[in-house]
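These notes concern the structure reproduced below.
Note that this is a predicted model, so its numbers are computed, not measured.
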Amino acid sequence: MSNPQANTPAIVILGMGALATARRVQALYPGAQVHGLEGRVEADILYSDFGGHLRELYQRDTPIIALCAAGIIIRTLAPLLAAKNTEPPVLAVAEDGSVVVPLLGGLGGVNMLAREIAAALEVVPAITTSGELRFGTCVLNPPTGYVLADIEQGKRFVSNLLGGQSVRIEGAAPWLDQARLPLAADAALSIRITHDAREANGDELLIHPRTVVAVIDEPVAELAANVQQALAEANIAAHALVCLVASSQQMANPVLQQAALTLGVPLRFIAADNTWALAQQAIAEPQALHTAHGVTLAVASEPLDHRQIGQARGRLTVVGLGPGAAEFMVPAAKLALQQAEDVLGYETYVKMAGPFRPEQVLHCSDNREELQRARHAFELASSGRSVVVVSSGDPGVFAMAAAVLEALEASSDPLWHAVDLQIFPGVSAALATAARAGAPLGHDFCIMSLSDNLKPWDIIELRLEHAAAADLALAFYNPISRARPWQLGRALEIVAGHRSGDTIVVLGRDIGRPGETLTLTTLAELRPEQVDMRTMVIIGSSTTRRFARQDGGAWVYTPRSYP
Ligand code: SAH
């Protein structure tokens, strides 16, 4: 499915010398960011490993404009080249802006980018593609809204054209008006623009305009096959299909999702409940309608942009950022953040989740406004947007996932319930702190929040009594705050009623964040003043032990077996 960010190029530089040129290129592409080597340049996005970063961009189909030697780029991407049949444009631009060299992605429009950049830098692009040189355009790279039927056949067609034959155009190809093609009304070669399903004959370049939507009357299990059959019977090329359209009431129907995935087209929803109304709203004046197999194909006179048709099924992903450092965030959460149109969360965490592109909308709120934030997230997602709500650590541990579900359960809005809701886990503070210390949670343990904001203190005391009596290792979240100054002291008293004074205690503060500290102490020595709201308190069980590390510290662990 199309990715709205896929076409924003990344401008990659290695040193300060390239920054000025990079900024000039950046000005051409709204939303583009300059990626710079950490420690060497001040850029919008910092990377530490040039090769890894470039390969990641390439694999994500991000157009790459690298301001460095072409050779470096080629060597870096070489291992990936054979495996790709579609690739993003990749260009080398000289640091001083004196040369623009399109390297890869001929069909992805690399020469167009090269021309644009070269024009802005007032130089000549190093274009080597013969068809482009001759005709001033790549006829094999039609603009958005049109698809080439067969690339191999197309290449043969272009070599005939380069051989000096003339050509005629059948159908509407407004973008070719600018091209320097050898046109002749009686030419043997033709460029044919049609939604008809047909084999291109040897003398023909066949291009399909994306003008057809499939309105789904009845989502049945074999839907994808039904759409294909309806297209075949109406003699419409599969490439001409823009999207599937269904009633908003069907938004969460998995059959529709599956069919869209199988057909490789987006799925759009319109608030109407009969085929005619759906078709009318999808295409203002359909040229033709074909109904068969529970599918109505509606054909427009001009190529359609699926984003203009109804809305997508909105997505709401609740992600855990991990304790702080980006390398401890799960890849699925990173991807969701990259794809998000809206990001919501407590300001500190939203900042931690960046960097973001300028078009991504950040909604920062106060830490206490969880339910309101959850409702806002559903409002956005139910309108078709891709929304991410962030929590630190794990979103299901004293964080946003439960608030989001609470808001959803309380809502009777079917559009909220139709949102594609997912929750991606993260490394919770207790686990991150435990890992720094060793393995204090290596045996049974109990996680508690000491905050009595959302539960009565009596319950906390009762649970502490039982957990301490059961000899569980204990991990305390929200151990203390200015509004809750005495609770931690009381909690420690309860635990001390069941555990000896030399029980090992681990304090992790700002784990994974700048200024992180890890303190080992004992239950007898621990003072509430050592703890603040950015601290995780882990109290060992009776079996938790420690031993010296060579660097002067100590490893703490709770053995897997019980004595
Ligand atoms: N969802 C979060 C917890 C939120 S409750 C998670 O899974 O980690 C907030 C409490 O978590 C803080 O009061 C503190 O006790 C703990 N905490 C969160 N991040 C921390 C970090 N980086 N280092 C130490 N403790 C942290």
Side-chain angles (χ1 to χ4, degrees), residues 5 8-29 31-60 62-80 88 90-101 103 117 121 321-331 333-335 337-338 343 347-358 360 362 390 392 426-427 432 435-436 508-518 534 551 553:
Q5 288 94 43
T8 310
I11 303 160
V12 185
I13 62 176
L14 280 160
M16 275 316 265
L19 191 57
T21 307
R23 295 289 186 211
R24 287 175 71 190
V25 174
Q26 183 179 28
L28 295 172
Y29 304 104
Q33 290 183 305
V34 176
H35 301 227
L37 185 58
E38 198 171 359
R40 276 229 244 149
V41 286
E42 282 174 23
D44 310 324
I45 289 181
L46 297 176
Y47 60 82
S48 52
D49 163 23
F50 174 78
H53 190 67
L54 214 63
R55 284 188 288 269
E56 194 179 328
L57 290 169
Y58 180 84
Q59 279 174 318
R60 278 216 212 100
T62 307
I64 299 171
I65 302 168
L67 280 73
C68 64
I72 300 182
I73 304 168
I74 292 168
R75 263 192 293 277
T76 305
L77 297 180
L80 307 178
V90 179
L91 301 96
V93 175
E95 270 197 11
D96 61 1
S98 59
V99 209
V100 179
V101 191
L103 293 173
I117 296 169
L121 299 175
L321 302 176
E327 66 262 32
F328 287 140
M329 197 194 304
V330 303
K334 277 189 194 171
L335 193 64
L337 283 166
Q338 272 160 15
V343 180
E347 188 169 6
T348 313
Y349 302 147
V350 171
K351 281 192 181 142
M352 216 160 90
F356 294 104
R357 295 179 306 279
Q360 292 183 290
L362 310 182
V390 297
S392 81
V427 176
R436 287 285 197 248
R509 183 171 192 275
D510 280 341
I511 295 298
R513 302 182 191 172
E516 136 175 359
T517 59
L518 188 79
R534 282 149 65 182
D551 64 7

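Residues Leu19 and Val41 fail the side-chain proximity criterion, which asks for heavy atoms closer than 4.5 Å. You'll find the side chain of Thr62 stays beyond 4.5 Å of the side chain of Pro88, heavy atoms only. Inter-residue side-chain proximity for Gln33 and Pro358 is flagged as met; some heavy-atom pair is nearer than 4.5 Å. Residues Ile73 and Val12 have side chains not in contact (no heavy-atom distance under 4.5 Å, counting atoms from C-beta outward). In this structure, Arg436 and Pro323 have side chains that are not in contact, with every pair of non-hydrogen atoms separated by 4.5 Å or more. Residues Arg60 and Leu335 meet the side-chain proximity criterion, which asks for heavy atoms closer than 4.5 Å. In this structure, the side chains of Val390 and Leu337 come closer than 4.5 Å at one or more pairs of heavy atoms.
Taking CD1 of Ile11 as the reference point, atom CD1 of Ile117 lies at 7.5 Å (rounded to 0.5 Å). Of the inter-residue distances, the one linking Leu54 atom CG with Leu77 atom CG reads 5.0 Å to the nearest 0.5 angstrom. With rounding to the nearest 0.5 Å, the separation of CD in Glu56 from CG in Leu80 is 11.5 Å. Taken from CD in Glu327 to OG in Ser48, the straight-line distance is 9.0 Å, to the nearest 0.5 Å. Atom CD1 of Ile13 is separated from atom CD of Glu42 by 10.5 Å, given to the nearest 0.5 angstrom. With rounding to the nearest 0.5 Å, the separation of CG in Leu57 from CZ in Arg55 is 11.5 Å.
Applying the side-chain hydrogen bond (donor to acceptor under 3.5 Å, both in side chains) test to Tyr29 and every residue at least two apart in sequence or in another chain returns Glu116. In this structure Ser98 satisfies the side-chain hydrogen bond (donor to acceptor under 3.5 Å, both in side chains) test together with Asp96, sequence neighbours excluded.
The number of heavy-atom neighbours closer than 6.0 Å to CZ of Arg75, taken from other residues, nucleotides and ligands shown, is 12 or below. Dense packing is recorded around OH of Tyr47, with more than 12 heavy atoms of other residues, nucleotides or ligands lying under 6.0 Å away.
What you find for Ala70 and Leu103 is that their closest heavy atoms are CB-CD2, 4.2 Å. The two residues Gln360 and Gln338 have their closest heavy-atom pair at NE2-O, 3.5 Å. Taking both residues in full, the closest heavy atoms of Ala22 and Leu67 are given as N-CD2, 3.6 Å, listed atom of the first, atom of the second, then distance. Pairing each heavy atom of Ile72 with each of Phe50, the nearest pair is CG2-CE2, 3.5 Å. Across all their heavy atoms, Ala10 and His35 have their closest contact at CB-NE2, 3.4 Å. Pairing each heavy atom of Val34 with each of Arg23, the nearest pair is CG2-NH1, 3.5 Å.
For Glu516 (side chain) and Gly512 (main-chain N/O), a donor-acceptor pair under 3.5 Å exists by modelled atom type. Although no hydrogens or angles enter the test, the distance criterion places no donor-acceptor pair under 3.5 Å between the side chain of Glu95 and the main chain of Leu14. No donor-acceptor pair under 3.5 Å is formed between the side chain of Arg534 and the backbone N or O of Ile511. With hydrogens and angles disregarded, no donor-acceptor distance shorter than 3.5 Å links the side chain of Glu38 to the backbone of Leu46.
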